[in-house]
Amino acid sequence: MGQQTRIVLIDDDQDACELLKMQLEDTGRIDVTYTTRSDEALSIIRRELPDLAILDINMPGIHGVEIGSALAAEPSTSAIPILYLSGMVTPEEAKNLGQGEGESPLISKGSPVEELIAAIDNLTTS
Amino acid sequence: MLISPSHTVLIVDDNQVNLNLLRTTLQGVNYTVIAASSAEEALELIRTQSPDIILLDVMMPDMDGFSLCRQLKQDEDFSDIPVIFLTSLSRKAHIVEGFNAGGHDYIVKPFNRQELLARVRNHIHLYDMLLENKRLTRLSEEASRSKSEFLASMSHEIRTPLNSIIGMAEVLAETPLTVEQHNYVSIFRSAGESLLEIINDILDLSKIEAGQTELESIDFHLPTLLNSVVSILSVRAAEQKSHISIHIHSDVPHAISSDPTRLRQILINLVGNAVKFTENGAVEIAVKSNSLSTLLFSIKDNGIGIPKDKQQLIFESFTQADSLTTRKYGGTGLGLTICQKLVRIMGGSIWLESIPKKGSVFFFTSRFKPATSFPLPGPAEPAPPPSCEILSPARILLVDDNEDNRNLLCLYLRNTPFTIDTASNGQEAVDAFRNSPYDLIFMDIEMPIMDGYEATRRLREWEHDQGLQATPIIALTAHAFVRFRKKCMDSGCSDYLTKPVRKNTLLQTISKHLILQKDNRDNEEYAESISSPPPTDGNTKITLDKKLKKLIPRFLQHKREDAVRMLQSIKSENLKELQKQAHTVKGTSWMYGFKELGDTCLELEQAARNSDVELAQQLISRIKTYLETVEIEYVVPQTKKSNNA
């Protein structure tokens with residue numbers, strides 16, 4: 001077994017979290033910790049210092065990008081790569097969204113899980 | 001220093017020669033000396049004679065002096081008695097151990113007589129002061145407790161008749177009156193209101209002075225709090241033809257951690273004052289961040305202003321700038337005193353700048369911490385009073401031992417579709433309810449025979465035994481203290497109203513609880529209606545990865561619940577909420593591979609955005625049907641497996 005990629009997942013929908021945890025851990029090389037409470041996001045990420053954070057964009061009361069910027073602003077967490085997840089765009093639209101240099105990628109919730117895994121690999125191996 | 005003959009010294013030493021020497025030394029200066037030659041004997045004497053000081057040898061058979069001392073320090077009754085080790089063990093490590101065991105002093109044998117006596121005298125003196133201190137603390141705690149009790153009962157006694165005065169005036173004002181009569185009624189209404197305000201302020205102030213104000217540290221959204229303050233005072237401002245504005249400087253964080261209740265109280269007081277003294281003008285609330293942990297609030301008005309020589313005075317109790325002001329503008333003169341005390345408790349300061357006839361600016365600072373969660377912006381508007389038309393008939397039981405109160409509440413409710421029955425104590429209430437349950441109960445707390453707490457507990461038990469849904473029970477009490485509210489909620493009440501209760505509050509509370517009750521019933525009925533699946537009309541069939549199988553039943557159940565919530569949002573015309581709900585269900589559905597469901601939710605999200613209620617309803621019922629009829633085939637996807645491996 002190689003080194004495990006540790007991921008913290010923040011999504012307000014429990015079903016979404018359960019599914020992603022199962023799918024990602026199914027690869028045998030990813031460990032997922034999740035919370036559905038956006039208010040706990042920062043404290044969990046600070047504590048876990050994961051290899052990658054997956055943030056839902058649209059949660060009650062908070063935009064995933066706000067959590068992302070808070071992480072980027074903190075020295076201890078600024079190096080953690082972020083991957084945004086959104087139901088806002090269809091898979092086609094997400095692909096077409098131009099992603100500026102250094103910006104965190106955005107994956108549609110409608111995309112096949114393989115695409116998400118590829119994006120994770122891409123962010124954690126570079 | 002005089003040595004009181006009543007002081008008792010216990011000497012503990014297993015060596016009889018030492019004991020005798022010490023006894024002679026101490027008796028020479030009038031101490032009562034008791035002696036023990038083992039730890040066991042010492043413990044017995046400590047229990048029976050409670051000595052004022054213990055001179056303790058270390059090396060003894062059975063239990064050594066350090067162990068004995070440690071044991072004493074753990075016993076609350078004896079832990080304060082000073083212990084001086086008296087031993088020939090002179091190494092630093094021993095001395096340190098002696099102090100670590102809780103010893104107050106350490107003397108190495110052979111001792112110097114004068115030094116021993118001086119140390120004993122000092123420790124006894126300190127011990128006396130400690131005991132005196134504890135006694136005074138206990139006394140002042142008792143005094144403060146009885147003051148609080150007194151205030152609680154005073155407040156209760158005054159509020160009860162005041163309830164009738166203000167309430168009856170309100171009822172009277174709604175009857176046909178001549179202009180002159182109307183004028184008189186409005187005078188005694190406003191006098192009643194002032195009296196109530198004074199009582200509340202005095203209570204508040206005495207709680208602060210008794211140190212009973214415990215600050216909370218809660219994350220909240222500052223702009224929401226400011227908006228709510230403005231919306232509470234905007235009616236008053238409109239009457240004065242004034243306008244209130246808020247300016248939050250860009251360096252102020254919106255999410256902060258502090259005590260929102262106290263901050264709101266201070267702001268309501270200061271902004272309320274500003275509004276009161278401003279006519280045809282503007283009141284400006286501004287917030288800046290002084291440093292990383294301090295906020296600077298300023299409340300500016302262009303009212304009558306305060307002369308320089310009165311500016312310090314107005315923070316004192318019952319003082320306004322001059323008595324004419326009181327006559328013209330009313331008020332207790334306690335508001336600013338309360339503000340000042342609260343601001344100080346919160347680690348800030350308060351001051352003002354003012355020019356007579358031009359206006360005043362009140363400043364105060366308040367410490368805060370950055371929020372650790374993300375408090376949401378909330379609605380600032382208080383709920384509007386319900387109109388009678390939207391109230392549907394209901395049976396209400398009113399329980400109060402005071403006839404005036406019962407009459408008043410019945411009068412409040414006389415033009416409503418409610419049927420009111422009354423009971424004059426808890427026992428009657430329980431009997432009446434068992435006879436035929438009610439839709440809602442108002443429960444006075446202090447009643448003879450059976451009080452409201454007990455009656456509520458019994459009603460809850462009965463409901464539980466009968467398998468009934470919990471009836472809203474709303475406690476009514478003249479107690480304004482938080483602990484009474486807690487006690488009510490603990491005994492099973494659903495809500496709590498403090499007397500005097502206003503008609504509007506009463507109606508709002510009834511409608512809130514009846515609507516909640518109705519929603520619960522509707523949802524249950526609805527849940528029942530969808531749990532028996534309608535006949536399959538389409539052949540919705542999807543193929544999913546076998547690995548998902550164990551997650552699917554829960555997913556479907558959650559989405560059915562979501563469908564119920566979406567229906568509720570439509571009913572309450574909350575399309576914004578519907579849009580959010582559809583959005584979330586859409587994302588998760590797609591992830592699980594329910595593409596059609598996700599796509600329908602996408603349509604629903606758009607329909608909600610376009611306020612197309614009819615389409616939204618159709619889509620929700622399509623979602624419902626889909627969730628009931630979808631057939632799932634689980635397969636092992638060959639290609640995926642190789643990809644993931």
Side-chain angles (χ1 to χ4, degrees), chain A residues 9-30 35-44 46 54 56-64 66-67 70 73-74 85-91 93-94 107-118 121, chain B residues 219 221 224 253-255 257 370-378 544-562 576-577 579-599 601-602 605-606 637 639-645:
Chain A
L9 163 68
I10 319 286
D11 191 319
D12 60 308
D13 189 294
Q14 169 112 25
D15 291 326
C17 290
E18 284 284 339
L19 177 70
L20 280 182
K21 182 178 167 70
M22 194 201 83
Q23 288 178 326
L24 296 179
E25 293 192 341
D26 210 44
T27 60
R29 53 195 167 77
I30 298 177
T35 177
T36 55
R37 294 194 40 186
S38 54
D39 57 343
E40 285 177 352
L42 282 180
S43 60
I44 287 188
R46 277 188 206 120
I54 302 181
D56 185 20
I57 290 267
N58 209 339
M59 291 182 279
I62 177 113
H63 202 272
E66 285 180 70
I67 301 178
E74 248 180 75
L85 210 55
S86 172
M88 202 130 46
V89 284
T90 58
E93 283 172 311
I107 301 238
S108 164
K109 287 190 173 179
S111 305
V113 69
E114 289 77 15
E115 206 171 293
L116 181 65
I117 294 171
D121 290 342
Chain B
D219 290 350
H221 191 250
T224 305
H254 285 189
S257 172
T372 48
S373 66
F374 299 95
L376 320 179
L544 294 180
D545 189 333
K546 193 159 189 289
K547 278 181 284 182
L548 298 185
K549 195 171 176 181
K550 64 171 197 247
L551 295 177
I552 294 301
R554 196 170 53 187
F555 167 81
L556 289 175
Q557 181 55 35
H558 285 162
K559 296 317 122 187
R560 285 185 201 117
E561 288 164 14
D562 286 336
K576 218 160 176 87
E577 181 62 27
Q579 195 185 322
K580 277 188 213 157
Q581 289 162 331
H583 178 86
T584 305
V585 177
K586 174 189 69 179
T588 318
S589 302
W590 278 344
M591 286 168 72
Y592 273 78
F594 290 81
K595 183 160 187 321
E596 192 185 330
L597 182 58
D599 292 350
C601 289
L602 174 62
E605 192 183 350
Q606 284 157 354
T639 47
K640 257 191 192 171
K641 204 167 185 192
S642 59
N643 270 354
N644 285 355

(message) To the nearest 0.5 Å, what is the distance between CG on B:L548 and CD on A:Q23?
(response) 6.0 Å
(request) Give a yes-or-no answer on whether the side chains of B:T588 and A:D13 include a donor-acceptor pair shorter than 3.5 Å. (result) yes
(message) Restricting to side chain to side chain donor-acceptor pair (under 3.5 Å), what partner residues turn up for A:E18, sequence neighbours left out?
(response) A:Y34
(message) Within residues 591-599 of chain B, which residues come under 4.5 Å of chain A, heavy atom to heavy atom?
(response) B:M591, B:Y592
(request) Please look at A:D56 and chain B and tell me whether the side chain, the backbone, both or neither of the residue comes under 4.5 angstrom of a heavy atom of that chain. (result) neither
(request) Kindly write out the residues that satisfy side chain to side chain donor-acceptor pair (under 3.5 Å) with B:R554, not counting sequence neighbours, or none if the list is empty. (result) none
(message) Going by side chain to side chain donor-acceptor pair (under 3.5 Å), name the residues that satisfy it together with B:Q606, two or more places apart in sequence or in a different chain.
(response) none
(message) Quick one, B:L551 and A:D15 - any side-chain contact, counting heavy atoms below 4.5 Å?
(response) no
